[in-house]
Amino acid sequence: MSTPVRVRFAPSPTGFLHVGGARTALFNWLHARHTGGTFVLRIEDTDRERHNEEAVRAIYHGLRWLGLDWDEGAEKGGDFGPYYQSERGPIYERYLGILQDKGMIYEDAGALRFRSPRETVTVHDEVCGSIPFDLSNPGTHPDMTVRRPDGSWIFHFVNVVDDIEMKISHVIRGEDHLSNTPKHVELYKAFGVEPPRFAHIPLILNPDGSKMSKRDTGASVQSYIQQGYAPEAVRNYLCLLGWSPKDNREILPIEEIISLFELKNINRRSAGFDLDKCFWMNGQYLIQMPLERFTDLSLPFINAAGINYGTREGLVPVLALVKEKVKHLTDVPAWIEFFFNDDYTYDEASVEKSLRTEGALGRLQALGAHLANVEPWTAETIEAAFKDLAAALGVKTALLVHPARVAATGRSVGPSLYHLLELLGRERVLARFDRTREKFFP
RNA sequence: GGCGCGCUCGUCUAGAGGCCUAGGACACAGCCCUCUCAAGGCUGGUACACGGGUUCGAAUCCCGUGCGCGCUGCCA
């Protein structure tokens, strides 16, 4: 008979969600979703001192942003609560009593220690295989402390107690815990409980190979939220750190990853975090995602920039135009600003290059006159008008395009000019041409 | 120091004895496309840490060495 799959993510409230932690949560979530199991969120604030609402909220926020919903646990409830260690004192007391009754606990300078049986313990790991650890030498493997003199609990003890109480079937965590695992197994044995299956996943390193920690660039999930990444892109990228579908695909829908994900296919080597690739993947997601989704994700940044776009109906076509240019959602305001502001600013270098050159003013005026007669006003007819005029003037189309773009948008880069002019509308285009002429050639 | 884990292009990876003169992706370079910038397409360079085995044959198995990381806490 197989026990139901129950996995957990058990972060300590440090104030933010680390990408390494996010990836651990992700792998737990994937395993739960793949097997139809339960994903539990437990907060490891071993005591009141560590309990910090704000820090805990940062974790919820990061997980939710990544779409890692938990079935049971903090803020959600369930049959195995409470899900904050700071509230589980009585349970730990009870378990301590079990070991005390068996004579496995002794006092040392006020702290309580667990007396190791001093045997060889073999850890069976889904990712790393079976590894024997010789714990017979007290010099190298001292008896672990389970409770401090002030009554607060030590991680190893409460972690094991909670996993037993919450009926966790698979412990999926960072490889930094692999060497701690034999100690945990000793505890399971002492409680007379079969240990869960373990799966230690490789660590995420900095590009230079050092361990990624708080201050490192890109270490906090929050930074991806702020920099305008799409959550599905970051999540997809994280999936590829230590796992792969093995068929050369990299961008794949989460539903498919869920169906393909197996603990056995997780790599054993640690992975360097490649911000360039994450950035590239974000651009790919942005280009491919539906316009409505793109709009939803862009809105917070547009609002933060204070752009007065009127209605969503008016905004969407503009976003459709610039969508393919965007690599970070934070770039959206800069791409669309000129559209909603007739008093847009001009990029000086672009003005210099495209407008203050021989014949540019004359071409712009001729273009204005030419565009005044285009019917109907569509990207196709506008394009034809540009080409016709260029031919008539005996110049390359580019010599009309560049001045027109700078005149209409203030910049030299942007999406397809013809589509942009169409959307802007003839009146505004011609008015912008006039404004530009008056401003630079009074 | 001890113990553990790891070691394929700069990075993420495919590879589970012959399919590998090692494949894909990011990044990089060049070319093409083109109204700009991107995107896209094409091409190119760069990798099995080292040394011994085992085998007809090893990136793949074994043993050393080296390097990296982790643990070794009354941190989690």
Side-chain angles (χ1 to χ4, degrees), chain A residues 10-14 21 44-46 50 85 108-113 123 125 127-129 131-135 137 139-142 144-156 158-159 173-183 200 202-205 207-211 237 239-251 267-281 283-284 286-288 322-327 331 335 350 353-354 383 386-387 390 396-406 409 411-421:
Chain A
S12 170
T14 53
E44 301 219 330
D45 51 347
T46 47
R50 287 178 190 282
Q85 289 187 330
D108 172 25
L112 298 183
R113 288 183 184 274
V123 172
D125 191 278
V127 176
C128 304
I131 307 160
F133 289 86
D134 179 3
L135 306 186
N137 183 350
T140 54
H141 297 276
M144 74 179 115
T145 305
V146 297
R147 199 174 74 174
R148 299 186 189 86
D150 69 358
S152 60
W153 302 93
I154 299 298
F155 158 76
H156 303 294
V158 294
N159 182 271
R173 62 190 0 172
E175 199 196 86
D176 48 343
H177 286 298
L178 183 57
S179 297
N180 289 147
T181 305
K183 285 195 285 202
H200 286 92
L203 266 19
I204 296 180
L205 273 25
D208 68 0
S210 60
K211 186 182 178 184
Y237 177 72
C239 286
L240 263 23
L241 253 26
W243 178 87
S244 107
K246 299 187 186 298
D247 58 5
N248 285 342
R249 285 183 306 162
E250 303 208 301
I251 294 182
N267 270 165
R268 298 169 72 161
R269 54 180 302 208
S270 24
F273 193 92
D274 186 353
L275 205 51
D276 280 340
K277 189 155 184 175
C278 188
F279 174 76
W280 165 80
M281 193 166 280
Q284 293 293 307
L286 256 21
I287 285 173
Q288 291 165 18
V322 304
K323 182 166 172 278
E324 62 179 35
K325 321 295 300 177
V326 177
K327 304 300 277 296
D331 299 335
W335 283 113
S350 301
K353 191 177 173 204
S354 299
E383 177 169 4
F386 268 75
K387 299 233 160 109
K396 286 181 162 183
T397 314
L399 283 179
L400 293 177
V401 166
H402 298 318
R405 184 187 295 282
V406 177
T409 71
R411 333 175 36 173
S412 56
V413 298
S416 163
L417 181 68
Y418 309 125
H419 292 86
L420 186 146
L421 295 185

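A, B, ... follow the sequence lines: proteins, then strands. Residue 1 opens every chain. Please read these numbers as outputs of a predicted model, since none were measured by experiment.
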- Task: Identify whether any heavy atom of P11(A) sits under 4.0 Å from a base atom; if not, whether one sits that close to sugar-phosphate; answer base, sugar-phosphate or nothing.
- Result: nothing
- Message: With a 4.5 Å cut-off on side-chain heavy atoms, are R411(A) and W335(A) touching?
- Response: yes
- Under a 3.5 Å limit for both distances, which nucleotide forms a Watson-Crick or G-U wobble pair with C71(B), could you say? G2(B)
- Message: I need the NZ-P distance between K277(A) and G24(B), as an integer number of Å.
- Response: 13 Å
- Task: Specify the separation, in whole Å, of atom CG of N180(A) and atom P of C75(B).
- Result: 13 Å
- Quick one: does R405(A) reach the base of C35(B) with a side-chain donor-acceptor pair under 3.5 Å? yes
- Message: Are Y237(A) and F279(A), when compared by the centres of their aromatic rings, separated by less than 6.0 Å?
- Response: no
- Query: For A14(B), does OP1 or OP2 lie under 4.0 Å from any side-chain N or O of N267(A)?
  - Reply: yes
- Note on the structure: Taken to the nearest whole Å, CD/E175(A) to C1'/C69(B) is 8 Å
- Task: Send over the distance from R249(A) CZ to C26(B) P, rounded to a whole Å.
- Result: 16 Å
- Can you measure from OH (Y418(A)) to NZ (K387(A)) and round to the nearest 0.5 angstrom? 5.0 Å
- Given salt bridge (charged side-chain N to carboxylate O under 4.0 Å, His left out), test R148(A) with D150(A) step by step and report yes or no. CA-CA 5 Å; R148(A) 299 186 189 86; D150(A) 69 358; 5.1 Å; no
- Of Y418(A) and K246(A), whose closest RNA chain B nucleotide lies nearer the 5' terminus? K246(A)
- Who pairs with U46(B) - Watson-Crick or G-U, where each distance is under 3.5 Å: none
- Message: Using a 3.5 Å distance criterion without hydrogens, assess whether the side chain of S12(A) forms a donor-acceptor pair with backbone atoms of T14(A).
- Response: no
- Note on the structure: When rounded to the nearest 0.5 Å, the distance separating CG of D274(A) from CD1 of I204(A) is 12.0 Å
- Query: Can you tell me how far P of G6(B) sits from CG of L241(A), to the nearest Å?
  - Reply: 18 Å
- Query: Is any side-chain N or O of R113(A) closer than 4.0 Å to OP1 or OP2 of C74(B)?
  - Reply: yes
- Query: Has K396(A) got a side-chain N or O lying under 4.0 Å from the OP1 or OP2 atom of C35(B)?
  - Reply: no
- Item | Distance, rounded to the nearest Å, where L203(A) contributes CG and G4(B) contributes P | 18 Å
- Query: Is a donor-acceptor pair below 3.5 Å formed from side chain S416(A) to base C35(B), judging by atom type as modelled?
  - Reply: yes
- Query: Taking atom P in both U46(B) and U65(B), what distance in whole Å separates the two?
  - Reply: 33 Å
- Note on the structure: To the nearest angstrom, the CG-C1' distance between L178(A) and G70(B) comes to 9 Å
- Query: Can a donor-acceptor pair under 3.5 Å be found between the side-chain atoms of S270(A) and the base atoms of G6(B)?
  - Reply: no
- Note on the structure: Which of C26(B), U8(B), G73(B) is nearest the side chain of P142(A)? It is G73(B)
- Message: Does U13(B) have OP1 or OP2 under 4.0 Å away from a side-chain N or O of S244(A)?
- Response: no
- Message: Quick check on RNA chain B: between V413(A) and D134(A), whose nearest nucleotide comes earlier from the 5' end?
- Response: D134(A)
- Between atom NE2 in H177(A) and atom C1' in C75(B), what is the gap in whole Å? 10 Å
- Query: Is P202(A) touching bases, backbone alone, or none of the nucleic acid, heavy atoms closer than 4.0 Å?
  - Reply: nothing
- Look at Q284(A) and G40(B) and indicate whether a side-chain polar atom (N or O) is within less than 4.0 Å of OP1 or OP2. yes
